[in-house]
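What follows is a short report on a single structure.
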Amino acid sequence: MIGEVTQLAERLWMLRYQPYDVNVTVVAGEAGLLLVDTRADRVEGKDLLEDVRRLSATPVVAVVNTHWHFDHVGGNLAVLAEFPDVEVTCHVEAARELSEAQAGPMAEQLADVAAPTSTFSSVRVIDLGDRLVEVVHPGRGHTAGDAVLRIPDADVVLAGDLVEESGPPAYGDDCFPLEWPGSLDMVLQLIGPATTVVPGHGAAVTRDFVRDQRGDIGMVAATIEHLAGQGVSAADALRAAEWPFADEVLAEAISRGYRQLPAMGRRLPLA
Ligand SMILES: [Zn+2]
């Protein structure tokens with residue numbers, strides 16, 4: 001195997017790959033295989049398919065991209081090349097973000113990424129015959145279009161990059177730091193005491209881990225709101241408080257958080 005494989009439940013595997021320490025999950029049903037994320041490019045996607053073939057002879061029938069970032073969508077084309085009828089699904093905002101990025105400065109890196117063939121807005125179910133997979137958009141956080149998947153019969157939740165194990169949460173220039181805690185509260189509703197949670201990167205985790213990370217992400221949001229309320233500027237925010245993450249992790253969180261603050265002191269006209 002090219003990736004590091006962990007069987008999480010019957011006919012359900014987590015595949016962990018370098019570079020990026022990124023996870024792909026394979027869910028098998030009577031109707032075929034669902035792949036959740038496809039690695040970073042076409043070559044990595046082909047390697048992924050080689051591993052998948054060793055796990056199951058069943059054809060791939062569906063792909064879900066947890067969000068638009070290249071390390072999760074880059075292998076879509078490799079999957080489509082081998083399984084032309086596969087449905088590639090992501091959240092409607094993830095599809096928009098991907099197509100915008102493909103027209104922007106990242107065009108070259110994303111040129112080879114196949115767009116989704118369908119999108120969803122809040123929830124959908126993927127029917128694998130004898131097994132249903134729930135796909136949920138819990139709100140904005142790591143990106144505007146994060147998708148979380150739940151396989152109820154296996155008690156497994158796939159959190160995408162809303163949860164990170166091998167590094168701190170990735171606050172990029174497309175994140176929603178003030179909304180992220182609320183989205184994780186929604187994800188926590190899907191996670192029970194024995195649930196296995198697959199993060200976007202790193203080892204599988206438990207509810208306690210997600211709750212702790214939600215606490216830190218909530219602290220970032222609350223600190224931004226508090227400092228802004230005190231009149232502290234975004235430029236001074238890092239030095240003005242204790243933060244749960246290193247400075248370099250917080251740069252985009254602070255700048256985007258400040259820009260996304262609700263307008264304060266606004267009053268309805270009384271007459
Ligand atoms: Zn990401």
Side-chain angles (χ1 to χ4, degrees), residues 3 14-25 35-41 44-45 48 63-77 88-102 104-107 109-110 112-116 119-120 135-149 157-184 186-187 197-205 209-210 213-214 216-217 220-221 245-246 248-253 255-257 260:
M14 166 183 164
L15 288 75
R16 188 171 170 182
Y17 287 97
Q18 303 300 338
Y20 316 115
D21 198 13
V22 67
N23 291 322
V24 174
T25 304
L35 303 188
V36 182
D37 290 341
T38 59
R39 306 190 62 201
D41 58 35
E44 291 188 5
L48 165 65
V63 167
V64 173
N65 294 130
T66 57
H67 60 295
W68 73 272
H69 288 159
F70 77 97
D71 49 331
H72 302 262
V73 303
N76 285 1
L77 207 58
V88 180
T89 305
C90 68
H91 186 257
V92 62
E93 283 298 305
R96 186 187 57 77
E97 289 175 300
L98 175 61
S99 78
E100 278 181 19
Q102 284 178 315
M106 290 171 78
Q109 188 179 22
L110 295 168
D112 214 18
V113 174
T119 59
F120 75 101
V135 189
V136 179
H137 171 59
R140 302 192 290 190
H142 174 65
T143 68
D146 300 300
V148 168
L149 291 86
V157 165
L158 317 178
D161 284 4
L162 282 170
V163 176
E164 299 288 28
E165 190 274 334
S166 54
Y171 287 105
D173 62 3
D174 56 348
C175 71
F176 290 83
L178 306 182
E179 294 169 49
W180 198 331
S183 300
L184 278 180
M186 203 284 193
V187 176
V197 180
V198 177
H201 303 261
V205 298
F209 180 97
V210 179
Q213 195 159 78
R214 186 263 174 244
D216 288 343
I217 287 169
V220 169
F245 302 117
E248 62 272 18
V249 175
L250 292 162
E252 287 287 359
S255 76
R256 284 191 54 90
Q260 291 163 8

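In listed order, ligands and their atoms are each counted from 1. Residue indices begin at 1 and follow the sequence shown.
Note on H142: counted as a metal contact of the Zn ion (ligand 1), an N/O/S atom lying under 2.8 Å. Among the backbone and side-chain atoms of D161, an N, O or S atom lies under 2.8 Å from the Zn ion (ligand 1).
Checking D161 against H201 by side-chain atom types alone, a donor-acceptor pair falls below 3.5 Å. Judged by distance alone, the side chains of D174 and T143 never bring a donor and an acceptor atom under 3.5 Å apart.
Checked for salt-bridge contact, D173 and R256 miss the test: no charged N lies under 4.0 Å from a carboxylate O.
Restricting H69 to its N/O/S atoms, the shortest distance to the Zn ion (ligand 1) is reached by ND1.
Side chain of Q213 to main chain of V163: no donor-acceptor pair is present (N/O by atom type, distance under 3.5 Å, no hydrogens or angles).
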